[in-house]
Amino acid sequence: MDMVRAQKALEELQIVTRIIYSGQIPTIKPSSTLLIRNVKPSDDRPFIRKDASGQALFYIVEGEAGVDIGQPERIIVEKNNSVGEMSMVSTVLNALDETVNIGSRTADVYAEEQLKMIVFNYSALVDILKDPDPELRGVRGQVMISLNRIMFKKLMEVNDNFLHILTGYGLEQNAEQTPFPVQLIDGLNLFMKKMRTIPKLNVVPHELRGVLIREGEPNSEIIFMQEGTVKISREVEDALTEQKEKIELNIISAPAVLGESSLLNLGSISTTQAEVVDKVFGYRIAVQSLLRHLQRYPDLFTHFFLLMLELNYFRTVNMMKKTTELG
């Protein structure tokens, strides 16, 4: 892929990423990658079909969409939100590893009202990430960062919906361990092994105790777990009693990476809490230090962001599955 086309696709991806996070919509100059689309309401014909192929991400400017992932009622996605993130990330993961076969669309999506949407065609991203040209390394790295930001935002929204249904119906649940594919686990182990060979990084695994990440507090570190188990929880307010209670979302076993929100937005406020269940051995690294060292090793840099993308994809899939089981 030529650099001009790659830079154009990256710029438009970054525009979409900023829109998703800020809700501020700039003037869109239509192109083959980015355009405005209107969809008429339909109760029985989804404009996104589950398991169908597709290479578009949709951001809702006006109207509401209904997402059906198998739960009793459609999840309503209001304006200033996006749909199609899961398909985009699964397409990228399949393209980067041809041995992986992740389903594309994970839900049927309907226009509940007249929709006005920004549509981002992400086919160029696949071309960028698969192109081995060393000149595109910087572009590939920026693409992976934007994809991670979008996927992390999606995970937070899925968590919100799970908690909304759980508390709204007065249901009880016990957090279960999130299963990750063997290939992802092997990739994490390999990355951590390689990372410890970086000169001057001074990574020494040791026991980590107590609360590793506190909800509601800024965090500027990433935690790499080599052994042990942590519990991910979040505090919510009971709709009836108006009292706050802690809800367990996930049990995560090593190898794993925690605190990725600080990587995507340095010093951001943590929306969940992570605390040790069993003995955890691993290490903390300041985000700025990690990025400074990884930038000297472009392949390792890309490998890290790919692993983060996979981790949050499978975390999101797991939370969507738990949401459907609530019904």
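Between atom CE of residue Met319 and atom CG of residue Asn250 there is a gap of 5.5 Å, rounded to the nearest 0.5 Å. If you take CD on Glu113 and CD on Glu78, they are separated by 9.0 Å, rounding to the nearest 0.5 Å. Taking NZ from Lys153 and OG from Ser261, the interatomic distance works out to 13.5 Å, rounded to the nearest 0.5 Å. Separation of atoms CG (Asn121) and OG (Ser32) is listed at 7.0 Å; rounding is to 0.5 Å.
The shortest side-chain heavy-atom distance between Met308 and Met151 does not fall under the 4.5 Å cut-off. Val39 is listed as a side-chain neighbour of Met117, based on a closest heavy-atom distance under 4.5 Å. Counting heavy atoms from C-beta outward, Asn161 and Met320 have side chains that stay 4.5 Å or more apart. Residues Leu163 and Leu249 have side chains in contact (heavy-atom distance under 4.5 Å, counting atoms from C-beta outward). Side-chain atoms of Ile20 and Ser82, non-hydrogen and from C-beta on, do get closer than 4.5 Å to each other. With contacts defined as side-chain heavy-atom distances shorter than 4.5 Å, the pair Ile28/Ile118 qualifies.
Thr33 and Tyr122 share no side-chain donor-acceptor pair at under 3.5 Å. Side-chain N/O atoms of Ser146 and Asn148 include no donor and acceptor closer than 3.5 Å. Side-chain contact, Asn318 with Arg315: no donor N or O sits under 3.5 Å from an acceptor N or O. Between Ser262 and Ser220, the side chains place no donor N or O within less than 3.5 Å of an acceptor N or O (distance only, hydrogens not considered).
Heavy atoms from other residues, nucleotides or ligands lying under 6.0 Å from CD of Glu245 number more than 12. Counting heavy atoms of neighbouring residues, nucleotides and ligands inside a 6.0 Å radius, atom NE2 of His164 does not exceed 12 of them. With a 6.0 Å radius and a threshold of 12 heavy atoms from other residues, nucleotides or ligands, Arg45 has its CZ atom at or below the threshold. Atom CD of Gln177 is surrounded by more than 12 heavy atoms from other residues, nucleotides or ligands within 6.0 Å.
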(request) Start with the C-alpha distance between Leu258 and Ile232, add both sets of side-chain angles, then the distance that settles side chain to side chain contact (heavy atoms under 4.5 Å, CB included), and finish with yes or no. (result) CA-CA 10 Å; Leu258 305 172; Ile232 308 298; 4.3 Å; yes
(request) Check step by step if side chain to side chain contact (heavy atoms under 4.5 Å, CB included) holds for Thr229 and Val280. (result) CA-CA 6 Å; Thr229 307; Val280 170; 5.8 Å; no
(request) Kindly indicate, with the supporting measurements, whether the criterion side chain to side chain contact (heavy atoms under 4.5 Å, CB included) is fulfilled by Leu294 and Ile198. (result) CA-CA 9 Å; Leu294 286 182; Ile198 296 177; 4.1 Å; yes
(message) Please determine whether side chain to side chain contact (heavy atoms under 4.5 Å, CB included) holds for the pair Met86 and Val317, giving the CA-CA distance in whole Å, both sets of side-chain angles, and the decisive distance to 0.1 Å.
(response) CA-CA 9 Å; Met86 299 296 287; Val317 169; 3.5 Å; yes
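Of the possible donor and acceptor atoms, one in the side chain of Thr324 sits under 3.5 Å from a partner among the backbone N and O of Lys321. A distance-only check finds a donor-acceptor pair linking the side chain of Arg140 to the backbone of Asp131 [under 3.5 Å]. Panel note: side chain Thr302, backbone Pro298; a donor-acceptor pair is recorded below 3.5 Å. Checking side-chain atoms of Lys154 against main-chain N and O of Val83 turns up no donor-acceptor pair under 3.5 Å.
Under the 4.5 Å side-chain contact rule for hydrophobic residues, Leu309 and Leu307 share a cluster. Two different hydrophobic clusters hold Phe58 and Tyr110 under the rule that ILVMFWY side chains link at heavy-atom gaps under 4.5 Å. By the criterion of side-chain heavy atoms lying less than 4.5 angstrom apart, applied directly or through intervening Ile, Leu, Val, Met, Phe, Trp or Tyr residues, Val257 is grouped together with Tyr313 in one hydrophobic cluster. In terms of hydrophobic clustering, with Ile, Leu, Val, Met, Phe, Trp and Tyr side chains grouped at heavy-atom distances under 4.5 Å, Leu208 and Ile251 are assigned to different clusters. In the hydrophobic clustering of ILVMFWY residues, with side-chain heavy atoms under 4.5 Å counting as a link, Leu290 and Leu190 come out apart.
By the ring-ring contact (aromatic ring centres under 6.0 Å, His included) test, Phe120 pairs with no residue at all, sequence neighbours left out. Qualifying side chain to side chain contact (heavy atoms under 4.5 Å, CB included) partners for Gln142, counting only residues two or more places apart in sequence or in other chains: Leu10, Gln14, Ile145. Considering only residues two or more places apart in sequence or on other chains, Pro205 meets the side chain to side chain contact (heavy atoms under 4.5 Å, CB included) condition with Arg196, Gln226, Tyr283. Annotation: side chain to side chain contact (heavy atoms under 4.5 Å, CB included) contacts of Glu135 (sequence neighbours excluded): Met3, Asp133.
The two residues Ile36 and Lys116 have their closest heavy-atom pair at CG2-CE, 3.9 Å. In plain terms, the two heavy atoms of Ala56 and Val119 that are nearest each other are CB-CG1, 3.8 Å. Smallest separation of non-hydrogen atoms from Ala95 and Val126: CB-CG1, 3.4 Å. In this structure, Ile25 and Tyr59 approach most closely via the heavy-atom pair CD1-CE2, 3.9 Å. Summarising the geometry of Pro199 relative to Arg296, their closest heavy-atom pair is O-NH1, 3.8 Å, with the distance given to 0.1 Å. When all heavy atoms are compared, the tightest approach of Val211 to Arg284 is O-NH2, 4.3 Å.
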Which side-chain N or O atoms in residues 269-278 pair as donor and acceptor under 3.5 Å with protein atoms at least two apart or in another chain?
from	atom 1	to	atom 2	distance (Å)
Ser270	OG	Glu217	O	3.3
Gln273	OE1	Glu215	N	3.3

Using atom types as modelled, flag every donor-acceptor pair under 3.5 Å from a side chain in residues 61-68 to any protein atom, sequence neighbours excluded.
from	atom 1	to	atom 2	distance (Å)
Asp68	OD1	Gly70	N	2.9

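Ring-plane geometry between Phe224 and Phe304 is classed as tilted, the angle between the planes lying from 30 to 60 degrees on a 0 to 90 degree scale.
For Arg149 and Tyr21, the positive end sits near the middle of the six-membered ring, less than 6.0 Å away and at most 45° from its axis.
Between Tyr297 and Phe301, the ring center distance fails the sub-6.0 Å criterion.
Comment: Asp108 does not engage Arg74 in a salt bridge, judged by the lack of any side-chain N to carboxylate O separation of less than 4.0 angstrom. Checked for salt-bridge contact, Lys194 and Asp299 miss the test: no charged N lies under 4.0 Å from a carboxylate O. Under a 4.0 Å N-O distance rule, the pair Glu235/Lys246 does not qualify as a salt bridge.
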